[in-house]
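This report concerns only the one structure given below.
Proteins come first, then strands; the chains are lettered A, B, ... in the order of their sequence lines, and each starts at number 1.
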Amino acid sequence: MEVKLSVRRYDPESTNTVPHFQEYQLEMDEAATVLDALIQIREDVDGTLSLRCSCRSAICGSCAMRVNGEAGLACNTKVIDALPSDGTAIVIEPAGNLPVIKDLVVDFQPFWDQVKSIEPWLQPAGEEPEGEYLAPDEDMLHLAGVVSCILCGACVSDCTVLEVDSNFLGPAALAKAYRFVGDPRDDADGKRLKALNEEGGVWDCTRCMKCVEVCPKGVAPMDRIMSLREKVMDAGHTNTNGARHATAFVDSVRHSGWLDELKLPIKSFGIFNLKAMISLIPLAIRSQRAGKVPPLIHKNIPEVENVRRIFDKVENKK
Amino acid sequence: MYDHDVLIIGAGLAGMRAALAATEAGVDVAVVSKVHPVRSHSNAAQGGINAALTDRGDDWRDHAYDTIKGSDFLGDQDAIEIMCREAGDEVIAMEHMGAIFNRDEEGRLGTRNFGGQRQARTFFVADFTGQALLHVLYEQIVKAGALVYEEWFVLSLIERDGECGGVVMMDIRTGKIEVVRAKAVIMAAGGLGRVFEPSTNAMICTGDGMSLAYKAGASLMDMEMVQYHPTTLKGSGVLISEAARGEGAYLLNSENDRFMLKYAPEFKELASRDVVSRCEQTEINEGRGIDGCVLLDVRHLGEKYISERLSQIRELAMDFANVDMAKEPVPIMPGMHYQMGGVKANVDGETGVPGLYAAGEVACVSVHGGNRLGANSLLDTLVFGRRSGVHAAERAKNTSHLSIDDSAAKPDRENIERLLLNDKNESFGKIRFDMGTAMKEHFGVFRENSSMAEGISKLSLIKERAQSVYVADKTNTFNTNLLFTLELGFMIECAETIASSAFDRTESRGAHTRTDMPDRDDENWLKHIVVSDKDGKPNISYQDVVITDWTPTVRQY
């Protein structure tokens, strides 16, 4: 079948260093992947195209890039699935949120720095046993879901927080952190959770789900971040904006059956946090103008006791 | 110019295991790899790692015998003994470092069955054991603070008066060429799968290490022994782990017949890989295949079991063949997978060139002989990676740098300049493809004298054409076009040594099956073929197989 690809090109050594799109027309097999198409370009059409790729079977993590605006592995994305229905070209771009070195090759250094910052190695306490550590199979099977992360960077590419906050540890590093916190053999939970509670840690995620959507290995980084939040609070780290925000959320719904949006920022930042309170004023004014200020008197919903019963049930289950 | 005590080429399992061992020995260590460590091809090992743990009622001697029989008695028994004796410690060490491994009911490491073995002694992490171990070793490298030259490409080894004293390498990102002096260099650059087309191997497996060592004076051994894996996906050639058969999968022909029952009544689908691949190819050649394939059937294992233990290959079959293994059988065929041969090394990694060590797939110790057992390759990388690291560190403590300066890079600089100025019009992709298909046709599952001769003459034409490769990219930044051209040179060199070794072995043994000489000939061929470079041509010599306790017998499964 005939395939059109529009590939974002960038050559730092060229006189024209502005990135631009180049179109290629290829004849591809129905079973071909986007990577097959890129390799065909590189081998038969245009040897100057640079990209990283290696295993061709979604295990090495080299070929994460954006296909039609969304991150994924070129090697397990089929051309036929990526072809736009209107006959236009498949758009290929480098992974996002990382500096481009050339064409589809990005600088992964910020990514590795994030991974390294969570102390990504097992830290057991006490003497090593002579044989293996004993650990339940279910725990290991559960961890297998995270250990199967191939560090391809697709989640980081499309993370909406990293787009505006380069200080955020990012979904891949946080999933990796979960892998150790969730490991029964690791005894550094206290230290790890304390660090993850800091700015740039678990509370900076906005739960947009993008990382879960684009992950080619089903790691679901956001779900791991949410589990980490629970563990952070269980470990007693409740005095951060994020933790207070979560607590205020729960308290409000338990109390009245719905969210008291007026109290939420006050409880999250703390009423005596004058700087934060003042910073909220412009937002309050904008909300007022847009007619989006919540009612000043927050009333209980009818039959709020049913909501409370749900809370009781969930808490007893825990 | 940089100086290191020990420089390791390759950051897969063998390289990183060596790096850890050398770091622990207290010397200055650096690793150089053309890809980031976690992109290495050790990732692709799916099924597991073998070890005979005595507290599981197993015995390393049984593992050794299965390995020797698997090798078709070409493996060196002294080396195999060492690998099997040290296996348990390596597996436990990996567990202590953080590898998760599947467990039994008591929370101890669990095992699964694997081909050619009478005991379930394969320890595993679902069906991505290699990836799981590779990432754990990377974690340990980060912890140890070892220096890694990430995305640097080694152009040549520096040899002075028969000794290896460092390397010339290029920073892929900038094109900068540097000389690195090292008191010991450990070659751990992996295999050469891309010499064949198709292959299960990653695109980075281009025989760099074998070729670099060969040109620096080291010998290559058992190069004719190329493993065809019995289960690679139709079309793409993507690997489907032996774990599928380990967990109980059937192989069926077009008549819905479990044909392995007839060829290997005892081991059935779990006979050794060379045997199963040959049987499949025979079924296909005799008209009982389906479109050049046979079928792998796991449906009877049940969806839950499949998704727990074979999740990745189920996904692969869906992604690359549109088949849900839980619902229908998958079409598979034998596919080039592993090079048993490699840089001739002893059990401490020494290659015969002082200062140069080798471990992992790039090396030939020889523990795999004519055919490697599944799940012995991860073991090979760890045991001999560690031993090489220890011994290279020892050498580094007792020796000083050779007198080498920046001029050592001159030949490589000139070569690259020549390649970039070349105005001919051959494309590296086309040449590689032609070489790969020629290798498959003439040096695949079945071989024969006149066909191999034809293959050899095709290779010499290919070598000629490779002189005229046009490098379109003239830049210094991430010039993959230039890298592929350099890799093509490595691959052609490897192909030549495979071809000349295969042509020389006038018997059938292990993966080397000749239709014109179908029998094993112990009287004349209980010996390794050793190839060295003599004025640009492969020069063949022989070395007797080391036999300790196990006399060669008829091999039946």
Side-chain angles (χ1 to χ4, degrees), chain A residues 11-14 29 31 33 39-40 42-44 46-62 76 78 101-103 105 107-108 112 115-116 119-122 124 128-137 139-141 143-144 147-151 180 183 185-186 218, chain B residues 35-36 38-41 43-44 53 55 92 95-98 100-110 125-126 128 131-132 135-136 139-140 142-143 173 200 202-204 235-236 238-239 308 311-312 315-316 319-320 322 427-430 433 470-473 475-481:
Chain A
D11 173 8
E13 293 178 42
S14 148
D29 195 84
T33 63
I39 289 171
Q40 192 171 319
R42 195 167 74 173
E43 294 196 350
D44 299 342
D46 183 352
T48 66
L49 178 68
S50 289
L51 67 139
R52 289 191 185 98
C53 58
S54 182
C55 73
R56 298 164 297 142
S57 48
I59 194 73
C60 78
S62 302
N76 75 348
K78 286 217 189 69
I101 296 175
K102 181 182 181 183
D103 295 339
V105 179
D107 181 1
F108 254 71
W112 300 123
V115 171
K116 285 177 184 173
E119 296 195 2
W121 55 85
L122 192 74
E128 249 176 26
E130 203 173 294
E132 68 269 48
Y133 289 99
L134 297 182
D137 195 36
D139 287 6
M140 292 292 136
L141 276 177
L143 284 184
V147 168
S148 60
C149 168
I150 55 174
L151 298 172
F180 294 104
D183 193 319
R185 299 166 299 174
D186 191 271
Chain B
V35 293
H36 184 278
V38 303
R39 312 282 182 234
S40 304
H41 187 59
N43 260 328
L53 297 191
D55 64 355
I92 296 297
E95 200 274 340
H96 287 171
M97 288 180 204
I100 57 176
F101 288 116
N102 286 58
R103 308 275 166 158
D104 61 16
E105 293 82 26
E106 290 146 43
R108 301 188 313 166
L109 304 187
V125 183
F128 54 90
Q131 186 226 318
H135 284 226
V136 165
E139 291 160 16
Q140 294 299 311
V142 171
K143 180 186 173 193
R173 191 166 167 175
T200 62
M203 300 177 72
I204 54 173
S236 62
V238 165
L239 176 66
E308 264 176 29
S311 57
Q312 198 212 165
E315 233 169 78
L316 286 174
D319 283 352
F320 294 98
N322 272 331
S427 105
F428 77 86
K430 184 82 180 63
F433 186 84
Y470 176 64
V471 183
D473 193 344
T475 67
N476 292 311
T477 314
F478 231 96
N479 188 342
T480 46
N481 198 188

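Only the side chain of B:Asn322 has a heavy atom closer than 4.5 Å to any heavy atom of chain A. For B:Leu109, the parts sitting under 4.5 Å from any heavy atom of chain A are the backbone and the side chain alike. Heavy atoms closer than 4.5 Å to chain B are found in the side chain of A:Asp11, but not in its backbone. Interface residue A:Leu141: only side-chain heavy atoms are found under 4.5 Å from chain B. Within the 4.5 angstrom heavy-atom criterion, atoms from both the backbone and the side chain of B:Phe478 approach chain A. If you measure heavy-atom distances from A:Glu132 to chain B, the contacts under 4.5 Å come from both the backbone and the side chain. In this structure, the portions of A:Ala144 lying under 4.5 Å from any heavy atom of chain B include both its backbone and its side chain. The part of A:Thr33 that comes within reach of chain B is its side chain, from C-beta onward, which places non-hydrogen atoms under 4.5 angstrom from that chain. For a residue to count as touching a neighbouring chain, one of its non-hydrogen atoms must lie under 4.5 Å from one of that chain's; by this rule A:Ile150 touches chain B with backbone and side chain alike. There is no contact between B:Ser311 and chain A, counting heavy-atom distances below 4.5 Å. Residue contact with chain B, scored on non-hydrogen atoms closer than 4.5 Å, involves the side chain of A:Val105 exclusively. Heavy atoms of A:Arg185 lying under 4.5 Å from chain B belong exclusively to its side chain. Heavy atoms closer than 4.5 Å to chain A are found in the side chain of B:Ile92, but not in its backbone.
Nearest heavy-atom pair, A:Ser50 versus B:Asp473, reported as atom, atom and distance to 0.1 Å: OG-OD2, 4.2 Å. Shown here for B:Val238 and A:Ser57, the closest heavy-atom pair between the two residues is CG1-CB, 3.8 Å. Between B:Gln131 and A:Ile59 the shortest heavy-atom distance is OE1-CD1, 3.5 Å. The minimum heavy-atom distance between A:Val147 and B:Ala132, with the atom names listed, is CG1-CB, 4.2 Å. Contact detail for B:Ala202 and A:Cys55: the closest heavy-atom pair is CB-CA, 3.7 Å.
Counting heavy atoms from C-beta outward, A:Met140 and B:Asn102 have side chains that stay 4.5 Å or more apart. Contact annotation: the side chain of A:Ser54 never approaches that of B:Arg39 to less than 4.5 Å [non-hydrogen atoms, C-beta and beyond].
A distance-only check finds a donor-acceptor pair linking the side chain of B:Glu95 to the backbone of A:Tyr133 [under 3.5 Å]. In terms of modelled atom types and a separation under 3.5 Å, the side chain of B:Glu315 and the main chain of A:Ala58 share no donor-acceptor contact. When atom types are taken as modelled, the side chain of B:His96 and the backbone of A:Gly131 share a donor-acceptor pair closer than 3.5 angstrom.
Rounded to the nearest 0.5 angstrom, A:Asn76 CG and B:Asp319 CG are separated by 5.0 Å. To the nearest 0.5 Å, atoms CZ (B:Phe433) and CG (A:Asp44) are separated by 10.0 Å. Taken from OG in B:Ser236 to CZ in A:Arg56, the straight-line distance is 8.0 Å, to the nearest 0.5 Å.
Chain B forms more heavy-atom pairs under 4.5 Å with one residue of A:Leu151, A:Leu143, A:Val115 than with any other, namely A:Leu151. Between chain B and the residues A:Pro120, A:Pro136, A:Gly218, A:Ala31, the largest count of heavy-atom pairs under 4.5 Å involves A:Pro120. Among B:Gly98, B:Ser427, B:Ser40, the residue with the largest count of heavy-atom pairs under 4.5 Å with chain A is B:Gly98. No other option in A:Ser14, A:Pro12, A:Ser148 has as many heavy-atom pairs under 4.5 Å with chain B as A:Ser148.
Annotation: A:Phe108 is not in aromatic contact with B:His36 [ring centroid separation under 6.0 Å not met].
Shown are B:Thr475, B:Thr477, B:Thr480, B:Asn479; of these, the side chain to side chain donor-acceptor pair (under 3.5 Å) with A:Lys102 is made only by B:Thr475.
For B:Arg103 and A:Asp139, the salt-bridge test fails: no basic side-chain N is under 4.0 Å from an acidic carboxylate O. Ionic pairing of B:Arg108 and A:Asp137 is not present here: no N-O contact between side-chain nitrogen and carboxylate oxygen is shorter than 4.0 angstrom.
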What do the steps show when you test B:Lys143 against A:Glu119 for salt bridge (Lys or Arg N to Asp or Glu O under 4.0 Å), and what is the final call? CA-CA 8 Å; B:Lys143 180 186 173 193; A:Glu119 296 195 2; over 6 Å; no

Apply the test side chain to side chain contact (heavy atoms under 4.5 Å, CB included) to residues A:Trp112 and B:Val142: give CA-CA distance (whole Å), side-chain angles for both, the deciding distance (0.1 Å), then the verdict. CA-CA 10 Å; A:Trp112 300 123; B:Val142 171; over 6 Å; no

Between B:Glu139 and A:Phe180, is a side chain to side chain contact (heavy atoms under 4.5 Å, CB included) present by the stated rule, with each step listed? CA-CA 12 Å; B:Glu139 291 160 16; A:Phe180 294 104; 3.5 Å; yes

Checking A:Cys53 against B:Met203 for the side chain to side chain contact (heavy atoms under 4.5 Å, CB included) test, could you report, in this order, the C-alpha distance in whole Å, the side-chain angles of both residues, the deciding distance, and whether it holds? CA-CA 7 Å; A:Cys53 58; B:Met203 300 177 72; 3.8 Å; yes

Side chain to side chain contact (heavy atoms under 4.5 Å, CB included) assessment of A:Glu130 paired with B:Asp55: CA-CA 12 Å; A:Glu130 203 173 294; B:Asp55 64 355; over 6 Å; no

